[in-house]
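Since the structure comes first, as structure tokens, the remarks are kept for the end.
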Number of protein chains: 2
Amino acid sequence: MKISLDQFDKAFENRIRLQIMSVLVANESYDFNSLKELLDLTDGNLASHLKALEKEEYMQVQKSFIGRKPNTRYSVTEKGRAAFKRHLQALENLIKQQKK
Amino acid sequence: MKISLDQFDKAFENRIRLQIMSVLVANESYDFNSLKELLDLTDGNLASHLKALEKEEYMQVQKSFIGRKPNTRYSVTEKGRAAFKRHLQALENLIKQQKK
DNA sequence: GAAAGTACTTTGTTTGTCAAAGTTAATGGA
DNA sequence: TCCATTAACTTTGACAAACAAAGTACTTTC
């Protein structure tokens with residue numbers, strides 16, 4: 001009886017980081033404030049989770065201006081996309097085993 | 001754009017507790033030492049995660065003797081089974097959204 | 001009688017999580 | 001020109017969670 005969670009990624013163990021990745025894999029890029037509202041987080045909390053993902057090189061930042069306002073957009077790296085896919089695959093395997 | 005993690009259960013956020021539940025949903029009951037070996041944990045660590053699940057009433061204990069040796073078996077409650085099912089459903093929804 | 005097994009609890013360190021407050025730099029309004 | 005506001009953080013500090021290691025109590029096996 002094996003439990004197939006070898007591909008489980010600690011960076012995605014936290015619910016908020018799981019949500020962030022989920023949004024960003026589906027959306028290509030998302031800005032700080034929209035993400036903050038979507039997930040209903042304080043900016044400090046969001047920033048720290050984004051930073052954790054950046055540290056793993058799963059996330060990258062693009063800073064620009066929209067009109068005269070600064071705008072920070074986040075997007076997943078290829079590394080992040082691959083890691084997230086592996087992680088979801090691990091979860092899916094777990095679910096499949098349960099259904100047998 | 002919704003992110004469907006409303007049914008996400010904090011008790012299963014931790015990888016080890018996810019594994020414990022996974023084993024026990026599939027196995028009906030499992031004893032302390034076998035679980036310890038299967039998951040390669042120290043007994044203190046395993047005991048504390050089991051206790052966390054007991055506290056949520058997701059897990060129950062049966063103490064007995066096998067021959068003259070004490071044997072502690074763990075099994076999930078109906079509440080635990082239902083909660084785990086909901087949790088996996090939430091994860092599955094997340095995965096499905098990713099695949100679209 | 002010593003060592004080892006079972007199933008913990010306790011202790012103490014480290015890591016994680018979070019809100020709240022502080023920061024920097026720019027903009028818009030009175 | 002000054003004040004408030006917005007954006008996007010960083011810092012602080014409190015609290016909770018995770019973990020290994022050691023301790024405990026009781027029993028059995030050598």
Side-chain angles (χ1 to χ4, degrees), chain A residues 3 5 8-24 27 29-76 83 87, chain B residues 3 5 8-24 27 29-76 83 87:
Chain A
I3 334 127
L5 273 177
F8 190 90
D9 192 328
K10 209 154 187 299
F12 307 135
E13 188 158 7
N14 176 278
R15 192 190 108 260
I16 293 170
R17 289 194 297 274
L18 196 60
Q19 288 180 309
I20 292 172
M21 285 304 289
S22 187
V23 172
L24 287 201
N27 280 286
S29 90
Y30 225 83
D31 69 81
F32 189 86
N33 267 321
S34 306
L35 210 49
K36 193 180 106 182
E37 276 164 41
L38 184 68
L39 303 180
D40 193 30
L41 300 171
T42 58
D43 41 9
N45 195 7
L46 175 57
S48 72
H49 284 298
L50 285 168
K51 199 156 200 197
L53 291 169
E54 269 185 79
K55 201 181 159 200
E56 298 295 322
E57 300 178 318
Y58 289 172
M59 192 66 67
Q60 63 194 163
V61 194
Q62 299 98 43
K63 278 159 193 285
S64 66
F65 283 82
I66 288 183
R68 302 259 177 102
K69 281 189 183 177
N71 184 264
T72 308
R73 302 195 69 86
Y74 292 86
S75 59
V76 288
H87 183 78
Chain B
I3 333 126
L5 273 177
F8 191 90
D9 192 328
K10 212 156 186 299
F12 307 135
E13 188 157 8
N14 176 275
R15 191 189 109 261
I16 293 170
R17 288 194 297 273
L18 199 59
Q19 289 180 308
I20 292 172
M21 286 302 290
S22 187
V23 172
L24 286 200
N27 281 284
S29 90
Y30 226 81
D31 70 80
F32 190 86
N33 268 320
S34 306
L35 210 48
K36 192 179 107 184
E37 276 165 41
L38 184 68
L39 303 180
D40 193 29
L41 300 171
T42 59
D43 40 9
N45 196 5
L46 175 57
S48 72
H49 284 299
L50 286 168
K51 200 158 199 194
L53 292 169
E54 270 185 78
K55 200 180 158 199
E56 298 294 321
E57 302 179 316
Y58 289 173
M59 191 66 66
Q60 63 194 164
V61 194
Q62 300 96 43
K63 279 159 192 288
S64 66
F65 283 84
I66 289 183
R68 300 262 178 98
K69 283 188 184 177
N71 184 264
T72 308
R73 302 195 69 86
Y74 293 86
S75 59
V76 288
H87 184 77

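FYI, side chains are in, hydrogens and waters are out, and symmetry mates aren't considered; it's all heavy atoms of this structure. Letters A, B, ... are given to chains in the order of the sequence lines, protein chains preceding strands, and every chain is numbered from 1.
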Check: Heavy atom of residues 45-53 of chain B under 4.0 Å from DNA chain C: which residues?
Finding: B:Ala47, B:Lys51

Note to self: I need the B:Leu50 CG to B:Lys36 NZ distance, nearest 0.5 Å.
What the structure shows: 12.0 Å

Notebook entry, point to check: Got a second to check how far B:Lys55's NZ is from B:Lys51's NZ, nearest 0.5 Å?
Noted result: 10.0 Å

Check: Within the pair A:Arg17 and C:dT17, is there a side-chain N or O less than 4.0 Å away from OP1 or OP2?
Finding: yes

Check: How long is the line joining CG of A:Asp31 and P of D:dA7, in whole Å?
Finding: 9 Å

Next item on the list: Take atom CD1 of B:Ile20 and atom C1' of D:dC19, then tell me their distance rounded to the nearest Å.
Entry: 14 Å

Item checked: Intermediate values then yes/no, side-chain hydrogen bond (donor to acceptor under 3.5 Å, both in side chains), B:Ser34 and B:Asp31 -> CA-CA 6 Å; B:Ser34 306; B:Asp31 70 80; 2.9 Å; yes

Next item on the list: Rounded to the nearest 0.5 Å, what's the gap from CG on B:Leu5 to CG on A:Leu18? Could you check?
Entry: 5.5 Å

Item checked: Rounded interatomic separation in angstrom, taking CZ from B:Phe12 and P from D:dA17 -> 16 Å

Notebook entry, point to check: Taking the inter-plane angle between the rings of B:His87 and B:Phe12 on a 0 to 90° scale, is it parallel (under 30°), tilted (30 to 60°) or perpendicular (over 60°)?
Noted result: perpendicular

Next item on the list: State the CG-CG distance between B:Asp43 and B:Asn33, to the nearest 0.5 angstrom.
Entry: 8.0 Å

Note to self: Output the rounded distance in Å from CG (B:Asn14) to C1' (C:dT17).
What the structure shows: 14 Å

Notebook entry, point to check: Quick one: is D:dC19 close enough that its OP1 or OP2 comes under 4.0 Å of any side-chain N or O from B:Thr42?
Noted result: no

Note to self: What is the separation between atom CG on B:Asp40 and atom P on D:dA20, rounded to the nearest whole Å?
What the structure shows: 9 Å

Next item on the list: Mind calculating the distance between CD (A:Gln19) and C1' (C:dT17) to the nearest angstrom?
Entry: 15 Å

Checklist line | Sole candidate of B:Ile20, B:Leu53, B:Leu24, B:Asn27 that passes side-chain contact (heavy atoms from CB on, under 4.5 Å) when paired with B:Val76 | finding: B:Leu24

Margin query: What's the separation between atom OH in B:Tyr30 and atom CG in B:Leu38, rounded to the nearest 0.5 Å?
Written below: 4.5 Å

Note to self: Quick check on side-chain contact (heavy atoms from CB on, under 4.5 Å): which of B:Leu35, B:Asn14, B:Leu39 does B:His49 satisfy it with?
What the structure shows: B:Asn14

Margin query: Check this one for me: any side-chain N or O of A:Lys63 less than 4.0 Å away from OP1 or OP2 of D:dC9?
Written below: yes

Next item on the list: Round to a whole Å and report the spacing from CD of B:Glu13 to P of C:dC18.
Entry: 8 Å

Checklist line | 5' priority, DNA chain D, between B:Leu41 and A:Thr72 [closest heavy atom] | finding: A:Thr72

Next item on the list: Output yes when at least one side-chain N/O atom of A:Asn33 is less than 4.0 Å from OP1 or OP2 of D:dA8, else no.
Entry: yes

Which atoms of nucleotides 22-30 of chain D (N or O only) lie under 3.5 Å from a protein N or O atom, and what are those distances?
none

Next item on the list: Can you tell me the distance, in whole Å, between the NZ atom of B:Lys10 and the P atom of C:dT17?
Entry: 8 Å

